Amino acid sequence: MARPRLGEEYPTVPGYHSARKLIKAMEARGQVVLSTYEHRQYGKPRRDRTVPKLVMLPREHKLSPTNWWHEIDRAQLYVAFAKSGCLTAWHSKWPIDEYRDFAKNHGLNPDCLVELKDNSYRFFLELDRDTEIWSDLQEKIEKFAGLCDSAPQLKLAMVFILKLGYTTDIKAKARKLQDLIKYYGRGKRYFVGPYDLVIKDPTGLVFDCSDSDEPAGLLTWG
């Protein structure tokens with residue numbers, strides 16, 4: 001059991017203590033930074049101890065509070081894909097040569113690029129925590145279509161993963177997003193799926209696909 005505060009305790013998952021020991025050793029060697037969440041109170045930064053710390057590389061440890069939970073959700077997606085046994089590559093940003101060659105000109109950066117076993121496609125993941133406005137989503141759909149047209153050899157598919165917000169009807173949002181894809185997507189391949197289902201089974205039939213009326217999984221396309 002862990003007891004972070006007086007009178008509180010919670011059970012730890014298997015591997016917690018060994019992982020914590022490794023992380024603390026890496027922190028001591030300067031290989032990672034344990035970044036803490038801070039908000040401003042009375043004009044001064046104040047740590048919020050109810051928000052989990054992030055283990056980050058030293059050069060990337062500065063993160064705005066508005067992106068904190070997005071980064072945690074993105075890390076959970078990595079864990080889910082890794083545990084599936086099908087993950088062969090995970091890029092948190094464009095590989096530098098691809099960025100310089102073509103991606104920079106399109107102004108489109110992924111939340112992550114995913115490659116899966118026995119599949120020739122690369123999946124461009126876009127996580128929406130119910131903070132994106134519709135014009136931004138439309139712009140990403142159009143930019144992705146332009147990117148695919150300029151680099152057809154990449155065999156890219158865009159995956160929108162929708163996180164439920166306080167007032168969101170996630171089914172209605174998914175339908176509206178699919179309408180935008182049909183109108184602006186130029187026939188390219190797009191997937192739309194709910195975060196809660198993707199986390200449970202990232203390679204299962206948990207997506208709607210732009211070129212199918214049946215539930216789709218990422219492993220079925222290649």
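For reference, positions follow the sequence shown, starting with 1. What you are looking at is a predicted structure, and each value in this text was computed from that prediction instead of being measured. Only heavy atoms go into these numbers, but all of them, side chains included; no hydrogens, no water, no symmetry mates.
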Same apolar cluster (I L V M F W Y, side chains within < 4.5 Å links), V55/I72: no
ILVMFWY cluster membership beyond I133 - transitive side-chain contacts under 4.5 angstrom: none
Same apolar cluster: I199 and F191, side chain cutoff 4.5 Å: yes
same_hphob_cluster(Y78, M26) at 4.5 Å side-chain heavy-atom cutoff: no
Shortest non-hydrogen contact between K117 and G85, atoms and distance: NZ-O, 3.5 Å
Sidechain-backbone polar pair: D111 side chain, L127 backbone, donor-acceptor under 3.5 Å: yes
Shared hydrophobic cluster for L197 and F123 (ILVMFWY, side-chain gaps under 4.5 Å): yes
Under the side chain to side chain contact (heavy atoms under 4.5 Å, CB included) test, residues paired with V192 that sit two or more places apart: F160, L162, A174, L177, Q178, I181
Heavy atoms from other residues, nucleotides or ligands near CG of D179 exceed 12 (cutoff 6.0 Å): yes
Pairing residues for D149 by the side chain to side chain contact (heavy atoms under 4.5 Å, CB included) criterion, not counting sequence neighbours: R186, K188
Y121 and R189: side chain donor to acceptor below 3.5 Å: yes
Intermediate values then yes/no, side-chain hydrogen bond (donor to acceptor under 3.5 Å, both in side chains), R49 and Y37: CA-CA 8 Å; R49 295 179 180 273; Y37 181 91; over 6 Å; no
Set of side chain to side chain donor-acceptor pair (under 3.5 Å) partners for N67, sequence neighbours left out: S64
Salt-bridge contact D128-K163 (side-chain N to carboxylate O under 4.0 Å): no
Between K155 and S120: side-chain donor-acceptor atoms closer than 3.5 Å: yes
More than 12 heavy atoms from other groups under 6.0 Å of CZ on R20: no
Salt bridge (Lys or Arg N to Asp or Glu O under 4.0 Å) partners of K93, counting only residues at least two apart: E60
Salt bridge (charged side-chain N to carboxylate O under 4.0 Å, His left out) contacts touching residues 195-204 (sequence neighbours left out): none
Which atom of P52 lies closest to which atom of W69, heavy atoms considered: CD-CH2, 3.6 Å
Same cluster (ILVMFWY, side-chain, under 4.5 Å), L218 and L205: no
Evaluation steps, side-chain contact (heavy atoms from CB on, under 4.5 Å), between V114 and L87: CA-CA 7 Å; V114 174; L87 184 67; 3.6 Å; yes
salt_bridge(R47, E38) N-O dist < 4.0 Å: no
